[in-house]
Amino acid sequence: NAHILGKIDITKYIEVNKDQVDFNFIVNINNLTKFFNNIEDSAVIVSADKNNVSFENEKYTFTSRLIEAKYSNYEGVISNFNEKKLNLSKKELLDCINSDEAKKFIKDHKKEQIIIFDELGDEGRLNIYVGVSDVWRKENGNPPIIEKVKVGNISYSNEEGTFQIADSTLLIMPMAIENVNLFAFDVKYLSSILDALNCDSFDFLYRATNRGYFITGSCLNYGTVVK
């Protein structure tokens, strides 16, 4: 979707025939996930033609019709070097999203897009809010938040420098709102990403608050599908 992009380098796990220099395809991830959830950790042979792709191990074969489309130039939106690094606690953020205040606000505004964002708090901490923005009141710049509720207070660290992403990375696009401090995301997409992380704390690498945020390296759990 337009909010999340995952790139995983599997080069070290595969062998490719010499005549398969240009080997690419687009397939429905839900069907593919069902196949991998039903096989053991074993070698899988992948083959494709112009219409279908097949995944085969010792016991099962999964064949899917290819999606007739050309995938976007994802490399064009991936910044290999970023100037900022924001470290956050996975548990603290999930506690904010799962708080009673957040659940009530999300239920009361179920027909609207819910945004989770931060404001600078006291003693080097961040106040976390969920809210809705007025996209129709946009005049100059980004739309303002018109209703919000505080759902938590978390620790963080923010560094500036030159930070390089790994070959495998997860990109989440921010929400455009007025007066962003460090981040603003669609709450359901951020929640999905947090569930897919295999660490207690993680880094967002980014250039500016209105550009893409990258999670990279060992925090990514490749066995989890971000929905």
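When reading the values below, keep in mind they use all heavy atoms of this one structure, side chains included, and skip hydrogens, waters and symmetry mates.
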Indicate yes or no: at least one non-hydrogen side-chain atom of Ile165 is less than 4.5 angstrom from one of Ile78.
yes
List in chain and number order the residues that pass salt bridge (Lys or Arg N to Asp or Glu O under 4.0 Å) with Glu119, two or more places apart in sequence or in another chain; answer none if no residue qualifies.
Lys148
Going hydrophobic residue to hydrophobic residue with side-chain gaps under 4.5 angstrom, can you get from Leu66 over to Ile45?
no
Report yes if some heavy atom in the side chain of Phe105 is under 4.5 Å from a heavy atom in the side chain of Ile114; otherwise report no.
yes
Taking the side chain as C-beta and beyond, is there a heavy-atom pair between Asn153 and Leu126 under 4.5 Å?
no
Short N-O contact, Asp108 and Lys104, less than 4.0 angstrom:
yes
Do Tyr60 and Phe55 sit in one hydrophobic cluster, given that two such residues count as connected whenever their side-chain heavy atoms are within less than 4.5 Å of each other, even indirectly?
yes
Does the side chain of Thr63 pick up a donor-acceptor pair with the side chain of Ser54 at under 3.5 Å?
yes
Spatial distance of atom CD1 (Ile193) from atom NE2 (His3) [nearest 0.5 Å]
10.5 Å
Sequence neighbours excluded, the answer for salt bridge (Lys or Arg N to Asp or Glu O under 4.0 Å) partners of Asp167 is none
Are the side chains of Thr216 and Leu170 in touch, meaning some heavy atoms are under 4.5 Å apart?
no
Residues two or more places apart in sequence or in another chain: which of them pass salt bridge (Lys or Arg N to Asp or Glu O under 4.0 Å) with Lys85?
Glu159
Does a side chain donor of either Gln164 or Asn80 reach within less than 3.5 Å of an acceptor in the other side chain?
no
Would you say the side-chain atoms of Asn52 pair up with the backbone N or O of Asp49, donor to acceptor, closer than 3.5 Å?
no
With distance as the sole criterion, is a donor-acceptor pair present between the side chains of Thr162 and Glu83 under 3.5 Å?
no
For this output row, return yes or no: ring centroids of Tyr213 and Phe185 closer than 6.0 angstrom.
yes
Quick one: are Leu197 and Ile215 in side-chain contact, heavy atoms under 4.5 Å?
yes
